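Not measured: the values here are computed from a predicted model. Values below: every heavy atom of this structure, side chains too, minus hydrogens, waters and symmetry copies.
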Amino acid sequence: MSQSIAANPDRLLPADPGTRSIARSLLERVRDLPIISPHGHVDAAVIEHNTPFPDPAALLVSPDHYVTRLIHASGVPMGKLLSGGANPSESREIWRTFVQAWPLFEGTASGYWLRTQFDSVFKLGADLGEMPADASYDAIAAKLVEPDFRPRQLFKDFNIEVLATTDDPLDSLASHKAIAEDPSFNGRVLPTFRPDAYLNIAHPAWSTNVERLVDSAGDGATGYTGYLKALENRRRYFVDHGAVSADHGVLTPATLKLDRSDAERIFELARAGKATAEDRNTFEAHMMYQMARMSVEDGLVMTIHPGSFRNHHQPTFDAFGADTGHDIPFATNYTEAIRPLLQDFGTVKDFHLVLFTLDETVFSRELAPLAGFYPSVYLGAPWWFLDAPDAMLRFRSAVTETTGFSRSSGFIDDTRAFCSIPARHDASRRIEASFLARLVAEHRVSEDRAHEIIVDVVDSSPRRVFKL
């Protein structure tokens, strides 16, 4: 068996020898910097309790919609991919299906991240496609039961300094508190306020969620007044437990400042189940404006993740639920949509607004010009379908000539897959080194300055933008 290409030290670096040499030097400058992960979806309880990882299929296949969606597209029923962990024989069969489908991942970001994990984290020593499926399953399974292969030790081994989770507004944050008070744990695990299910009146649990929210945190107030008070109180609770940001996964980045009477009217219509689709869009846009107002007041960084048509295939959603690979991006408008918010808060001191997109056509047309004027606006890193090597290079090419490097957020891994975190951050650092190396080779940036910039992009930017 040949060594995996994931072991090649020049992976993702430029093909031109001269430019590659510059990129190697830049990469070396940041290779060992700690990982700052200000937005992700790892469960804090897993780290608190140092929970062992499940079997290979349940860890690396079934929960990863990047993986299951492509295998499903080849004709494999989703039901044969999403039940890992039920019993050992079923998990092994899912793994065999995955290994058989491994050639489908050539050239994909998923394939790159997985290859890197197999080489650097699981130490397979060969490419997955060159090993019998049962052999790779057994090798990874053996790794998973090692005493040192637990989340806390890996947190240290991966050189993670800060890891942010994504949390329901009514979460007790008990795990975050326990971790913060544990003298044996040196990293930071920070909660993130994620209120989507309390802002979107089309959410099936919105009314129930709002009732629970107001009852528990409304300070005795009712109606729309109690609703706003409860959101403000829970945000402060998150701040008191270490949160630095509030994240918003919305359909569009629309914002709107309603008169209080109009907001109260729609709120009550929604509580009565009489709100229209137009009401839904209007109210969510208004609440995004309110979230910005609250961020100005409490200091939480506001991040917006729009542009995904969630659960595009209804039969798959009905059978298997959300986050199973059928969320599809669509065109997004930022310039007009975000303007009401920016009119009032775009130049407010210490308000930080990080804008993400799944529509890369807006990088140079809208997002870079917005970040190039408004002090509050920062460019979110390429996200989801765009957090791939070529797409990350396109992002840098699209925005840098307008905004330079100082207006970007730093890399955001946005992952549920704990073992993929170092692979994703390493890929980002290699891409930043490659882009800067080209500018140096073209005599557009000095090599000394490039060394300063890459440290800022990798380390200083996320600290600065997310107030770390």
Side-chain angles (χ1 to χ4, degrees), residues 41 43 62-63 65 68-69 72 78-79 82-83 165-173 191-218 222-231 233-235 238 246-256 258 262-291 294 303-330 332 356 358 384 414 416:
H41 299 276
D43 183 357
S62 295
H65 55 77
T68 57
R69 69 189 312 274
H72 176 264
M78 194 66 76
L82 295 181
S83 54
T165 61
T166 301
D167 308 280
D168 187 280
L170 289 178
D171 194 300
S172 71
L173 306 183
T192 299
F193 188 79
R194 179 70 175 254
D196 301 352
Y198 298 76
L199 307 185
N200 180 0
I201 62 179
H203 191 283
W206 181 82
S207 186
T208 300
N209 288 338
V210 168
E211 183 175 354
R212 291 169 51 237
L213 177 71
V214 175
D215 287 347
S216 64
T222 59
Y224 181 67
T225 298
Y227 174 64
L228 291 182
K229 175 58 69 175
L231 286 168
N233 286 341
R234 290 307 298 175
R235 288 172 64 101
F238 270 63
D247 182 55
H248 305 85
V250 290
L251 188 66
T252 75
T255 61
L256 182 64
L258 288 176
D262 289 333
E264 289 177 336
R265 177 182 59 80
I266 296 176
F267 179 83
E268 294 303 334
L269 284 173
R271 293 292 298 274
K274 297 179 180 179
T276 66
E278 182 179 356
D279 290 334
R280 176 255 186 219
N281 294 334
T282 298
F283 189 76
E284 185 174 62
H286 170 69
M287 288 310 299
M288 292 300 289
Y289 178 93
Q290 290 294 325
M291 291 295 102
M294 293 181 196
T303 65
I304 301 180
H305 286 85
S308 178
F309 190 119
R310 305 279 180 171
N311 308 313
H312 193 268
H313 189 241
Q314 190 65 38
T316 297
F317 175 72
D318 292 341
F320 304 107
D323 301 318
T324 47
H326 50 111
D327 297 334
I328 309 296
F330 60 87
T332 302
F356 294 82
L358 292 175
W384 202 340
D414 188 42
R416 293 172 173 81

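Looking at Asp279 and Thr282, their side chains never bring a donor and an acceptor atom within 3.5 Å of each other. Between Asp247 and His305, the side chains place a donor N or O and an acceptor N or O closer than 3.5 Å (distance only, hydrogens not considered).
Between the side chain of Asn209 and the main chain of Ala205, a donor-acceptor pair closer than 3.5 Å is present. Side-chain N or O atoms of Asp327 include none that pairs as donor or acceptor with a backbone N or O of Ser308 at under 3.5 Å.
Residues Met291 and Pro195 meet the side-chain proximity criterion, which asks for heavy atoms closer than 4.5 Å. At a threshold of 4.5 Å between non-hydrogen side-chain atoms, the residues Tyr227 and Val214 count as touching. No side-chain heavy atom of Thr192 sits under 4.5 Å from any side-chain heavy atom of Thr303. Under the 4.5 Å side-chain criterion, counting only non-hydrogen atoms from C-beta, His65 is in contact with Trp384.
Closest approach of Gly307 to Leu358, counting heavy atoms only: O-CD1, 3.7 Å. Nearest heavy-atom pair across Gly223 and Glu268 is CA-OE2, 3.9 Å. In this structure, Thr225 and Glu264 approach most closely via the heavy-atom pair OG1-OE2, 4.4 Å. The two residues Thr332 and Pro253 make their nearest non-hydrogen contact at CG2-CD, 3.6 Å. Ala263 and His286 make their closest contact through CB-NE2, 3.6 Å (heavy atoms, listed as atom of the first residue, atom of the second, distance).
For the side chain to side chain contact (heavy atoms under 4.5 Å, CB included) test with His41, the passing option among Thr166, Asp167, Asp323 is Thr166; the others fail. With Met287 as the fixed residue, the side chain to side chain contact (heavy atoms under 4.5 Å, CB included) test singles out one of Leu228, Val250, Thr255: Leu228.
In this structure, OG1 in Thr324 is found 5.5 Å from CE in Met78, a value given to the nearest 0.5 Å. Note that OH of Tyr198 and NE2 of His203 are 9.0 Å apart. Values are rounded to the nearest 0.5 Å. Going from atom NE2 of His326 over to atom CG of Asn311 covers 5.0 Å, rounded to the nearest 0.5 Å. Taken from CZ in Arg234 to CG in Asp171, the straight-line distance is 8.0 Å, to the nearest 0.5 Å. Distance OG1/Thr276 to CD1/Ile266: 7.5 Å, rounded to 0.5 Å. For the atom pair CD (Glu284) and CD (Gln290), the distance works out to 13.5 Å, reported to the nearest 0.5 Å.
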Original post:
Could you walk me through whether Leu170 and Leu213 pass the side chain to side chain contact (heavy atoms under 4.5 Å, CB included) check?
Top reply: CA-CA 7 Å; Leu170 289 178; Leu213 177 71; 4.0 Å; yes

Original post:
Step by step, would you call Phe238 with Leu173 a side chain to side chain contact (heavy atoms under 4.5 Å, CB included)?
Top reply: CA-CA 8 Å; Phe238 270 63; Leu173 306 183; 3.9 Å; yes

Subject >> Trace of the side chain to side chain contact (heavy atoms under 4.5 Å, CB included) decision for His248 with Leu199 >> reply: CA-CA 9 Å; His248 305 85; Leu199 307 185; 4.1 Å; yes

**OP:** With side chain to side chain contact (heavy atoms under 4.5 Å, CB included) as the test, would you mind laying out the steps for Val210 and Arg271 before giving the verdict?
**Re:** CA-CA 9 Å; Val210 168; Arg271 293 292 298 274; 4.1 Å; yes

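The aromatic rings of His312 and Phe309 sit perpendicular, their planes meeting at an angle over 60°, well past the 30° parallel limit. Classification of the Phe267-Phe283 ring pair by plane angle, with boundaries at 30° and 60°, yields tilted.
For Glu278, the CD atom counts as loosely surrounded, since its 6.0 Å shell holds 12 or fewer non-hydrogen atoms of other residues, nucleotides or ligands.
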